[in-house]
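Everything on this sheet refers to the single structure shown next.
Heavy-atom basis, side chains included; hydrogens, waters and symmetry copies ignored. These numbers were taken from a predicted model, which means no experiment stands behind them.
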Amino acid sequence: MASAAGGVPKWENVNSYRDICLELARGNDLFLAAAMGRQLRDLWVKARKEERGTLDWRAPHTDLLRNAADLGYALCVLYEDAGAPPLRELQTKAGGPVNLPLSSASLIIKRKMLPSDTRQFTAFVKGCGVSDRSFKKWSEAWYRVMLDTPIRTFTSMGESEEERLMRINLGRKYFKEAAGALDPLPRTP
């Protein structure tokens, strides 16, 4: 079954089609057994991954995640294993824009950054459909990586140390200017 655009149809359409088939086949146990369960979702995810060129991606076990690169790759594979939902759908499942901004979700998926904090990490992982039981392992991996990786790794991946320092100093300059403009009392030396 292909969509009008020629690719893999949205999960909602596949699920609706399955529901219609189930309704039409009432009483036929073989058809019901084949159409029900997780098998259809798994096949749909495989079709999405093949369409996106990620069918052969395999995430390392969460116990083996040791650094930012491992965790970034595992989060990207987790997203693909969830069927690579549209970012707004991922955001909704993650609890909304406060928990997972679209820009952050996009950068995480592209492996340009890791979640900025535990709340954002939790939202991303839950948005990808990780069960409560599996979440414990993901959480352990998150803390292991975050505690073992220098903070500067997460400021802006791909940025040189000189560029990072320039950005920080520029930010401090603007912060001081803004603070001075908001200060109603003149400062005396």
Side-chain angles (χ1 to χ4, degrees), residues 3 7-15 37-161 163-164 167-168 171:
S3 70
V8 176
K10 292 182 179 180
W11 170 246
E12 293 79 25
N13 296 343
V14 172
N15 204 29
R38 186 100 175 119
Q39 184 180 10
L40 183 62
R41 175 77 180 182
D42 291 343
L43 291 171
W44 178 81
V45 168
K46 285 181 183 177
R48 282 282 292 153
K49 289 177 75 172
E50 182 177 11
E51 178 181 60
R52 294 173 55 83
T54 60
L55 189 57
D56 60 342
W57 288 12
R58 301 284 181 265
H61 193 275
T62 53
D63 290 339
L64 302 176
L65 302 177
R66 296 287 175 223
N67 56 41
D70 289 348
L71 183 60
Y73 177 74
L75 289 172
C76 186
V77 173
L78 180 65
Y79 170 77
E80 292 293 332
D81 286 347
L87 293 181
R88 289 203 187 277
E89 183 180 320
L90 177 68
Q91 183 184 59
T92 301
K93 289 179 181 177
V98 172
N99 294 326
L100 185 63
L102 292 176
S103 58
S104 296
S106 175
L107 291 172
I108 293 166
I109 291 162
K110 293 175 185 172
R111 294 173 52 194
K112 295 193 183 239
M113 74 172 247
L114 289 175
S116 60
D117 55 24
T118 306
R119 180 182 52 132
Q120 196 174 82
F121 168 79
T122 302
F124 184 86
V125 171
K126 293 285 186 171
C128 288
V130 170
S131 67
D132 290 338
R133 197 174 104 199
S134 297
F135 179 73
K136 183 175 186 268
K137 290 287 189 184
W138 278 98
S139 184
E140 289 169 0
W142 164 258
Y143 284 109
R144 183 173 51 253
V145 168
M146 296 305 282
L147 292 174
D148 288 345
T149 306
I151 297 299
R152 67 181 182 83
T153 303
F154 303 105
T155 57
S156 180
M157 292 183 178
E159 182 177 59
S160 72
E161 187 66 19
E163 291 169 326
R164 185 180 76 81
R167 180 177 49 78
I168 290 170

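- Side chain of T92 to backbone of R88: a donor-acceptor contact under 3.5 angstrom is found.
- In this structure, the side chains of Q120 and L100 come closer than 4.5 Å at one or more pairs of heavy atoms.
- No side-chain heavy atom of R66 sits under 4.5 Å from any side-chain heavy atom of V145.
- With contacts defined as side-chain heavy-atom distances shorter than 4.5 Å, the pair L78/W138 qualifies.
- The aromatic rings of F135 and F121 are tilted relative to each other, their planes meeting at an angle between 30° and 60°.
- The only member of T118, L147, V125 that meets side chain to side chain contact (heavy atoms under 4.5 Å, CB included) when paired with W142 is T118.
- Counting heavy atoms from C-beta on, the side chains of L75 and L114 come closer than 4.5 Å.
- Once rounded to the nearest 0.5 Å, the distance linking CE of M113 with OG of S106 reads 10.0 Å.
- Here OG of S104 is found 9.5 Å from CD of Q91. Values are rounded to the nearest 0.5 Å.
- In plain terms, the two heavy atoms of R144 and L65 that are nearest each other are NE-O, 3.0 Å.
- Within the 4.5 Å cutoff, the side chain of D81 has no heavy atoms near those of the C128 side chain.
- The closest side-chain heavy-atom distance from V130 to K137 is not below 4.5 Å.
- Heavy atoms only, all atoms of each residue included: G127 and K93 are closest at O-CD, 3.6 Å.
- Residues D132 and K126 meet the side-chain proximity criterion, which asks for heavy atoms closer than 4.5 Å.
- The two atoms that bring A105 and L90 nearest to each other are CB-CD2, 4.1 Å, heavy atoms only.
- Nearest approach of A123 to A94, heavy atoms of both residues: O-CB, 3.1 Å.
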